[in-house]
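Remember, it's 1-based here, ligands and their atoms both numbered in the order they're listed. Just the heavy atoms: all of them, side chains too, but no hydrogens, waters or symmetry mates, feed the values below.
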Amino acid sequence: MNLGIDQLPNACDVLVVGAGPAGSAAAQLLARGGQDVVLIDQHAFPRDKTCGDGLIPDAHRALHRLGVWDAVMSEAQPAHYVRCIGPRGGRLDVPATLAVLPRRRLDEIVCRAANAAGARMFAPLRFLSPIEQGDTVVGARLQQGEVMRELRARWVVLATGATAPALLAAGMALRQAPSGVALRGYVKHPNMATHLDVLEVVWQRALAPGYGWIFPCPGGVFNIGVGTVDYGGAAAPNLRRVFDNFTRLHAPARELLAGGTLLGPLKGAPLRCTLDGARLSRPGLLVTGEAAGSTYSFTGEGIGKALETGIHAAEALLGGAARDDAAVRADYEARLLALKPRFVLYTQANRANRHPWLADLVIWRARRSARLRQRLAGVLDETRNPGDLFTTKGLLRLFTE
Ligand SMILES: Cc1cc2nc3c(=O)[nH]c(=O)nc-3n(C[C@H](O)[C@H](O)[C@H](O)COP(=O)(O)OP(=O)(O)OC[C@H]3O[C@@H](n4cnc5c(N)ncnc54)[C@H](O)[C@@H]3O)c2cc1C
């Protein structure tokens with residue numbers, strides 16, 4: 001881990017840029033598949049990543065696929081319910097396989113697994129721009145401090161997360177602005193750990209067009225935050241103010257801040273959602289993870305789909321050894337487009353962030369309908385077709401279920 005630029009080779013099969021969940025997942029599978037992989041990140045690892053740290057079922061499945069689930073769960077705080085809380089105080093506990101582990105640890109585990117599989121990790125090393133031959137990417141210009149180097153690669157995989165500079169430099173950004181923003185802090189409150197052992201997601205008018213969360217981490221620490229996605233072209237809301245509203249109006253959040261110890265400052269970060277905002281590929285280059293918009297709207301969850309899209313990038317590249325570049329790109333893009341219906345559902349559900357009374361309505365109905373509760377659990381663990389739950393037609397149907 002953290003090799004220096006002086007050890008950088010001149011060429012490799014695949015250069016993976018960004019060692020978050022998407023990049024490390026891709027790097028591990030590519031290395032396991034026999035590719036010579038260079039993985040780089042602009043930050044030396046371990047590094048923090050501003051996040052809610054919640055692992056929903058898609059993340060668990062991907063962690064299994066990468067062979068790191070045991071390592072993650074030996075440190076994570078497991079949980080068995082997402083508690084949805086509406087503005088009128090209605091509560092609904094949706095069962096699922098869940099866990100919380102701060103990203104500093106999660107990302108290190110996934111990155112170390114890539115390293116163990118044979119991917120060489122160089123950091124801090126920044127991707128500046130692609131090297132192009134005609135329209136084809138054949139490598140990248142990289143920088144560490146004042147030193148710049150060129151690295152030739154058969155493929156470049158961009159997994160640079162929600163910030164736009166690398167996408168812009170590679171000519172892949174269709175949109176510079178993020179889809180949303182979120183803010184989080186860590187609060188230590190060991191007494192609350194005895195009775196708050198679910199992932200709470202809260203909708204209230206004072207948080208609109210967004211949501212709040214409290215997720216229990218290991219060691220009596222809680223990740224508490226607020227976020228907002230797709231605020232319709234308006235200026236991004238002042239998340240500090242939204243956070244203050246959350247900790248004033250939601251009793252557990254109030255209790256946490258009043259009796260706990262805030263560990264470090266609150267931190268905000270952008271989100272790129274809905275599988276849009278970037279081209280997915282060009283000759284010699286694939287875009288994966290949040291750089292490709294792989295984070296869900298509505299709740300801002302994206303670790304699982306970042307891992308999953310990274311896995312798809314690796315599988316498309318490995319399957320493409322005997323095929324041409326166009327076939328690899330077509331395969332990869334088809335894999336991502338197949339995920340689109342799930343993103344559409346979360347985009348529709350995002351209406352509840354703008355109109356929190358919709359959360360009340362769904363919670364109220366689901367508390368009275370076992371079938372609807374099952375459907376929501378099936379959407380969360382992705383065992384059921386997402387359907388049209390949050391369209392106008394779907395909402396009207398709530399009264400007949
Ligand atoms: C406040 C907040 C709360 C969230 N809560 C949750 C949650 O509870 N659960 C959940 O599933 N998701 C959550 N998300 C979303 C989640 O953080 C992202 O979906 C996830 O991190 C995306 O993974 P990734 O690998 O695509 O990108 P990242 O994790 O962002 O990794 C990208 C990496 O690329 C590196 N990089 C960027 N540019 C360059 C460059 N030019 N050169 C070299 N390296 C570069 C970065 O340093 C970084 O390490 C939250 C997001 C925010 C902002």
Side-chain angles (χ1 to χ4, degrees), residues 15-27 38-60 62 79 82 98-104 106-108 110-111 121-130 140-144 156-170 178-185 199 201 210-215 217 223-229 239 243 266-273 278 287-297 299-310 313:
L15 166 66
V16 180
V17 183
S24 290
V38 167
L39 172 64
I40 68 163
D41 201 285
Q42 63 189 353
H43 298 298
F45 269 47
R47 59 99 180 89
D48 198 9
K49 154 76 177 84
T50 301
C51 187
D53 307 325
L55 299 171
I56 63 170
D58 60 353
H60 287 258
V82 174
L98 306 159
V100 187
L101 182 64
R103 291 290 298 277
R104 191 177 173 83
L106 177 80
D107 289 20
E108 187 183 2
V110 183
C111 181
M121 158 78 167
F122 294 81
L125 190 58
R126 200 155 68 87
F127 167 89
L128 293 178
S129 60
R141 291 180 193 87
L142 309 173
Q143 183 180 29
Q144 186 173 66
V156 174
V157 176
L158 265 199
T160 44
T163 54
L167 278 178
L168 287 165
S179 325
V181 283
L183 176 85
R184 69 99 174 97
L199 272 59
V201 185
Y211 53 93
W213 74 81
I214 304 177
F215 293 171
C217 302
N223 183 316
I224 174 169
V226 293
T228 179
V229 180
L239 283 188
F243 186 86
L266 300 177
K267 284 191 179 169
L271 299 155
R272 287 178 84 85
C273 303
V287 178
T288 198
E290 195 163 15
S294 68
T295 297
Y296 277 143
S297 206
T299 54
E301 274 140 349
I303 299 168
K305 285 290 169 287
L307 291 164
E308 212 173 306
T309 54

[atom] [closest protein heavy-atom partner, distance rounded to 0.1 Å]:
{"atom": "atom 27 (O) of ligand 1", "result": "Gly161 CA, 3.4 Å"}
{"atom": "atom 3 (C) of ligand 1", "result": "Gly52 N, 2.9 Å"}
{"atom": "atom 19 (O) of ligand 1", "result": "Thr295 OG1, 2.8 Å"}
{"atom": "atom 8 (O) of ligand 1", "result": "Gly54 N, 3.0 Å"}
{"atom": "atom 12 (N) of ligand 1", "result": "Gly302 N, 2.8 Å"}
{"atom": "atom 32 (C) of ligand 1", "result": "Ala159 O, 3.4 Å"}
{"atom": "atom 44 (N) of ligand 1", "result": "Gln42 N, 3.1 Å"}

Looking at Asp41, Thr50, Leu128, the heavy atom closest to atom 47 (O) of ligand 1 belongs to Asp41
Best match, Arg184, Glu290, Lys267, Arg103: closest heavy atom to atom 21 (O) of ligand 1:
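It is Arg103 whose heavy atom sits nearest to atom 21 (O) of ligand 1.
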Which of the numbered atoms in ligand 1 are under 4.0 angstrom from any heavy atom belonging to [X]?
{"X": "Gly289", "answer": "26 (O)"}
{"X": "Gly300", "answer": "6 (C), 12 (N), 13 (C), 14 (N), 15 (C), 50 (C)"}
{"X": "Gly20", "answer": "25 (O), 29 (O), 31 (O), 33 (C)"}

Is the closest N or O pair between [X] and ligand 1 shorter than 3.5 Å?
{"X": "Leu271", "value": "no"}
{"X": "Phe127", "value": "yes"}
{"X": "Ala306", "value": "no"}

Counting C-beta onward and ignoring hydrogens, is there a side-chain heavy-atom pair between Phe243 and Ile224 closer than 4.5 Å?
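Heavy-atom side-chain distance check passes, below 4.5 Å.
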Thr288 and Ser294, any side-chain heavy atoms less than 4.5 Å apart
no
Counting only heavy atoms, which portion of Lys305 has something under 4.0 Å from ligand 1: side chain, backbone, both, or neither?
neither
For Pro124, does its backbone N or O pair with a side-chain atom of Gln144 as donor and acceptor, under 3.5 Å?
yes
